[in-house]
Amino acid sequence: MGCLAGVLIATGRVAIVPRKLFAVALAAFLVAAVLALPVLRRLLSSWESNPVLRGRLVAERSGCFNCHLAISGDEIPNPGSRWGSVPRFAAGNAMMYVDGRQDIEEFIRFGAPRSWMSDAGVRERLATQHLRMPGYEDRLSEDEIRDLVTYVEAIENPALPGALPGDSAAAGRELAKRHGCLACHGVEGSGGLPNPGSLGGFIPGFVGRNFGDLVQDKAEFREWVLDGESSRLGANPLLRFFWRRQQISMPAYRQRLTSAEVDSLWLWVAWIRDR
Ligand code: HEC
Ligand code: HEC
């Protein structure tokens, strides 16, 4: 279109109509592009979706974090309860309260596991302690409960492929925690945390469908981690535009991670993707 208008402009009078047409078409294109952005964002977020991310969103809108502080901060005091405070997810607390997925599910459904409820002493404590875990069975759908259990399980007990020394996936996860990857890329790389001004409006994770578009192979993963970008995607002017204006950028880890450490991170990412 631009080319056609250009040729006509160069040839003089004939140009007037196509030039107007060109301006109208250009304006229409820009309006369409602006309108398309929210649609594109919705599409990208639906591709990012996975049980852990959906579970986190259910937890947010269900008020779980009002009582369970998610990552850091002091726990809320809870006089009279077993350990004296409301447990924080992801702080190694789970082992004091739950023994597997079933218990997590019973906490969410009934506010305590059945084994607690069948013990008269525990029932009495629950009746007198200051804060109690509310049961959500009537408020949440079965799908929501399943995602929520998966989220809590992922954040509290990622059940890594064995704590064997030298296990590279486990070492990769430790690195991901230590270097803050999980803080930006979400619990177990589940993604979807806000990033104002970016193309999708969120930070992509490592498990959703977007990952395959952003990271084609191990070499590209290495580039992202060491340089904070991918040269293949950087060649796209639209993506560069969003990279410049997004609020949070991927840091370059070249000075901080060795080549072997990037390999461990890659093995961990491959392992969570397999699950
Ligand atoms: C009113 C505060 C409150 C809210 C809201 C709340 N909980 Fe709890 N939760 C507690 C308390 C208190 C305990 C510890 C059990 C006890 O001491 O009785 C607990 C325990 C748990 C446990 C077992 C401990 C652990 O860390 O594994 C899980 C799982 C849990 N809650 C999940 C959730 C989820 C998911 C939500 C949102 C759907 C939620 N809670 C909302 C107060 C709350
Ligand atoms: C300060 C937040 C932040 C931290 C910390 C961070 N990243 Fe990123 N990362 C981003 C952002 C934002 C993008 C998206 C880049 C884009 O689309 O422009 C990204 C992109 C990526 C990508 C490619 C896109 C995808 O699907 O995720 C990979 C792989 C990646 N990061 C791995 C890591 C690893 C491994 C670590 C830890 C060593 C890490 N990141 C730490 C913010 C962060």
Side-chain angles (χ1 to χ4, degrees), residues 33 36-61 65 70-71 90 147-148 150-151 153-155 158 169 172-254 256-257 261-275:
L37 191 59
V39 177
L40 181 65
R41 289 215 160 129
R42 200 153 325 138
L43 188 68
L44 289 172
S45 358
S46 75
W47 285 351
E48 193 62 25
S49 179
N50 61 74
V52 178
L53 172 53
R54 285 196 301 273
R56 178 174 65 77
L57 298 175
V58 177
E60 270 169 16
R61 56 174 191 269
F65 300 130
I71 306 219
D147 289 341
L148 203 45
T150 305
Y151 165 75
E153 197 180 34
I155 196 168
R173 183 174 188 278
E174 267 318 295
L175 287 166
K177 258 170 80 177
R178 186 141 44 84
H179 288 277
C181 318
L182 298 181
C184 280
H185 289 283
V187 172
E188 294 307 286
S190 54
L193 295 175
N195 191 7
S198 65
L199 179 59
F202 58 85
I203 301 182
F206 308 139
V207 290
R209 247 177 84 186
N210 293 313
F211 184 82
D213 294 332
L214 295 166
V215 184
Q216 283 190 330
D217 53 23
K218 183 174 169 183
E220 236 172 62
F221 178 80
R222 176 174 294 275
E223 229 187 318
W224 270 109
V225 177
L226 296 180
D227 304 329
E229 60 175 62
S230 126
S231 50
R232 175 179 60 90
L233 297 174
N236 180 327
L238 182 69
L239 285 180
R240 287 218 82 84
F241 170 78
F242 281 101
W243 280 357
R244 271 197 305 274
R245 60 193 283 279
Q246 68 189 2
Q247 190 72 31
I248 303 171
S249 298
M250 169 70 193
Y253 281 86
R254 198 169 280 288
R256 316 228 174 261
L257 290 171
E261 287 175 328
V262 180
D263 286 348
S264 297
L265 281 165
W266 171 251
L267 281 171
W268 168 68
V269 167
W271 180 79
I272 48 174
R273 288 184 64 72
D274 270 355
R275 288 209 305 174

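For the single chain, residues carry numbers from 1 onward in sequence order. Computation of the quantities below employed the complete heavy-atom set of this structure, encompassing side-chain atoms and omitting hydrogens, waters and symmetry-equivalent molecules. Predicted, not measured: the structure shown is a model, and the values here were computed from it.
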Would Val52 and Tyr151 count as a side-chain contact (heavy atoms from CB on, under 4.5 Å) here? Give the steps. CA-CA 4 Å; Val52 178; Tyr151 165 75; 3.9 Å; yes
Separation between OG (Ser264) and CG (Leu257), nearest 0.5 Å, reads 10.0 Å
Asp217 side chain to Val215 backbone, donor-acceptor under 3.5 Å: no
Closest non-hydrogen atom pair, Trp243 against Ser249: O-OG, 4.4 Å
Determine whether more than 12 heavy atoms belonging to other residues, nucleotides or ligands lie under 6.0 Å from atom CZ of Arg42. no
Atom of Asn50, atom of Leu53 and distance for their closest heavy-atom approach: OD1-N, 3.0 Å
Please report the closest heavy-atom contact between Leu44 and Phe202, naming both atoms and the distance. O-CZ, 3.6 Å
Please check if the number of heavy atoms outside Arg273 that lie under 6.0 Å from its CZ is greater than 12. yes
Ser46 side chain vs Leu43 backbone, donor-acceptor pair below 3.5 Å: yes
Short N-O contact, Asp227 and Arg222, less than 4.0 angstrom: no
Shortest non-hydrogen pair, Glu48 vs Ile203, comes out as OE2-O, 4.4 Å
Leu265 and Phe206: side-chain contact (heavy atoms from CB on, under 4.5 Å), yes or no, with the steps? CA-CA 11 Å; Leu265 281 165; Phe206 308 139; over 6 Å; no
With rounding to the nearest 0.5 angstrom, report the CG to NZ distance, Leu182 to Lys177. 8.0 Å
For Leu199, is there any backbone N or O sitting under 3.5 Å from a side-chain donor or acceptor partner on Arg41? yes
Give, for atom CD of Glu188 and atom CD of Glu153, the distance between the pair rounded to the nearest 0.5 Å. 10.5 Å
Hey, could you give me the CG/CZ distance between Leu193 and Arg56, rounded to the nearest 0.5 Å? 4.5 Å
Taking atom CH2 of Trp268 and atom CG of Leu175, what is their separation to the nearest 0.5 Å? 10.0 Å
For Met250 and Trp224, work out which heavy atoms get closest and say how close. CE-O, 3.6 Å
Take Arg240 and Glu229 through the test salt bridge (charged side-chain N to carboxylate O under 4.0 Å, His left out) and record every step on the way to the result. CA-CA 10 Å; Arg240 287 218 82 84; Glu229 60 175 62; 3.8 Å; yes
Sub-3.5 Å donor-acceptor pair from the side chain of His185 to the main-chain atoms of Ser190, do we have one? no
Quick one: pull up OG in Ser49 and CG in Leu57 and give me the separation to the nearest 0.5 Å. 8.5 Å
Test of understanding: with ring-ring contact (aromatic ring centres under 6.0 Å, His included), list the residues that count as partners of Phe221, not counting sequence neighbours. Trp266
Heavy-atom closest contact (Ser231 atom, Glu223 atom, distance): OG-OE2, 2.5 Å
